[in-house]
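Chain naming here is simple, since letters A, B, ... match the order of the sequence lines and numbering starts at 1 in each.
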Number of protein chains: 2
Amino acid sequence: MAERGSKARAGRNARSGNVAGADRRDLILAAASRRFAEFGFGATTVRQIADDVHVLSGSLYHHFATKEEILDEIVREAALEQRDRSLRIAALAAGAEQKLVTLVQEDLRALTRRLEAYTIIFNERKFFRRSADFAYLMQARKAAYDAWVAILEEGIAEGVFRPDIDRYLTISTIMRMLTNGADWFMHEDGSPIDAMAHYSLDALCDFYVGFVLRSIRAAGRGDEAIPRPLVLD
Amino acid sequence: MAERGSKARAGRNARSGNVAGADRRDLILAAASRRFAEFGFGATTVRQIADDVHVLSGSLYHHFATKEEILDEIVREAALEQRDRSLRIAALAAGAEQKLVTLVQEDLRALTRRLEAYTIIFNERKFFRRSADFAYLMQARKAAYDAWVAILEEGIAEGVFRPDIDRYLTISTIMRMLTNGADWFMHEDGSPIDAMAHYSLDALCDFYVGFVLRSIRAAGRGDEAIPRPLVLD
DNA sequence: GTCTATAAACTGATAGAC
DNA sequence: GTCTATCAGTTTATAGAC
């Protein structure tokens, strides 16, 4: 299952020459993403996915060996991308505060770009943790987490972040905050609470950067200017 | 469905005189709570619930008319309790900052006390939003949200909170933060990231109070002492 | 109040025609 | 690559014996 990854996919796409880049297989993945994110993996049936792309359920099994293989293909790239992004930003030659701002922005952008995949990773985390086939997923998230912690430690060493903050609670809280914030941003207008709100992604990003920085900045630095995020190549 | 509420329940319990207060019906609710919170409502089968309490699936329908009625009974009390608690704290005669600290603490305590119910309310929110039978649930959450906002507005008027914070984003972020924080606290040890962490509820509470207050306090107040929460009757 | 037994629909997945 | 047809098992829910 895990061997049939993005490489095979890229090859197929290149060959197909589809203008929209969306062959049936991609449509299946898109429909499954939507269903898994909205109703959960366990509560989604292969028939619902098939119906969404106007195909009979049996035909899905020409493209994928199992329902789990569909799930795997949806979440793998997103998780590895998140890990690579975090590691890359942590390795930049810049101040810790600027790297943190950059990481918040880039994470939030990625979360909104591929929200369904990240929502699934978050919602089904207990399933992934129990499944040996998805161990790579948990490892990728651990690597991303470690990159965040490294930046935090740097900032404390530089004296820009409070030395007394709890690394673990701070980072895991921020990561969950961004994941759920992105989910709300994309999907939850229409709840009674969300009645009058609509924000741009940039506004949301500014909010989270401010919220986080005010919490973790060293004493006395509270009202210094917030650094601009780094521009990635 | 919605008519068979806590009143009927209390009556039954009083009559039963069960020492542990746990008749079969309560055991069914407890098993369903665990399953719904862990695997989701849609992914849980009535047979699994029945197996957990060593009863055949058909027997569940003596106690509940449908699977949804089980869900309803699990989430109703928790949601109404949360609303009442928020309204009560918001109405206290005290400073806004102290009320906010109290609300964070009491919410976190309630979240851990009845975590499964709150986890279900959060995870199945899209389902609840679509269902007319659960409209009361969304209304209760809106009322709780409004109570938080009222405290925030008070604090801004008193000059203890920053006047430029976004009421909506701030409160919805804090509420999600506490919900997910409680969920992690109770269940997520064992994830790769969670390896070495174990905290007391009080420590967790202090962390969130600090994290939140540093973010929303008016300029210059960052390092003032954090007020003790009010003691509720 | 729990059981047996079952209905009627749905589940993930397969075989083979086209 | 999609279809038809189907398997074996499971789903929510019901009827009626005990």
Measure [atom1]/[X] against [atom2]/[N] and give the value in whole Å, please.
X	N	atom1	atom2	result
B/Asp23	C/dT2	CG	P	9 Å
A/Leu60	C/dT11	CG	P	13 Å
A/Leu56	C/dT14	CG	C1'	14 Å
B/Arg24	C/dC3	CZ	C1'	12 Å
A/Ile49	D/dT2	CD1	C1'	17 Å
B/Asp51	C/dT2	CG	C1'	15 Å

Legend entry - B/Arg83: partners by salt bridge (charged side-chain N to carboxylate O under 4.0 Å, His left out), with sequence neighbours left out: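 Expected list: none.
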Inset, instruction - Indicate for each nucleotide in nucleotides 11-18 of chain D, in 5' to 3' sequence, whether protein heavy atoms under 4.0 Å reach the base (B), only the sugar-phosphate (S), or nothing (-). - result: BBBB----
Inset, instruction - Any chance you could lay out the salt bridge (Lys or Arg N to Asp or Glu O under 4.0 Å) test for B/Lys142 and B/Asp146, step after step, and finish with the verdict? - result: CA-CA 6 Å; B/Lys142 167 79 166 121; B/Asp146 287 338; 3.0 Å; yes
Inset, instruction - Compute whether any side-chain donor of one residue and acceptor of the other, for B/Tyr118 and B/Asp183, lie under 3.5 angstrom apart. - result: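 Distance-only check fails for B/Tyr118 and B/Asp183.
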Legend entry - B/Asp72 versus B/Tyr136, side-chain donor and acceptor atoms under 3.5 Å: yes
Inset, instruction - Please report the closest heavy-atom contact between B/Leu204 and B/Gly181, naming both atoms and the distance. - result: CD2-O, 4.3 Å
Legend entry - Phosphate-side-chain proximity, B/His62 and C/dG1, N/O vs OP1/OP2 below 4.0 Å: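 Yes, because at least one side-chain N or O of B/His62 sits under 4.0 Å from OP1 or OP2 of C/dG1.
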Inset, instruction - Report yes if at least one side-chain N or O of B/His63 is closer than 4.0 Å to OP1 or OP2 of C/dT2; otherwise report no. - result: yes
Using atom types as modelled, flag every donor-acceptor pair under 3.5 Å from a side chain in residues 108-117 of chain B to any protein atom, sequence neighbours excluded.
{"unit_1": "B/Thr112", "atom_1": "OG1", "unit_2": "B/Leu108", "atom_2": "O", "d": "3.2"}
{"unit_1": "B/Thr112", "atom_1": "OG1", "unit_2": "B/Arg109", "atom_2": "O", "d": "2.9"}
{"unit_1": "B/Arg114", "atom_1": "NH1", "unit_2": "B/Glu81", "atom_2": "OE2", "d": "2.8"}

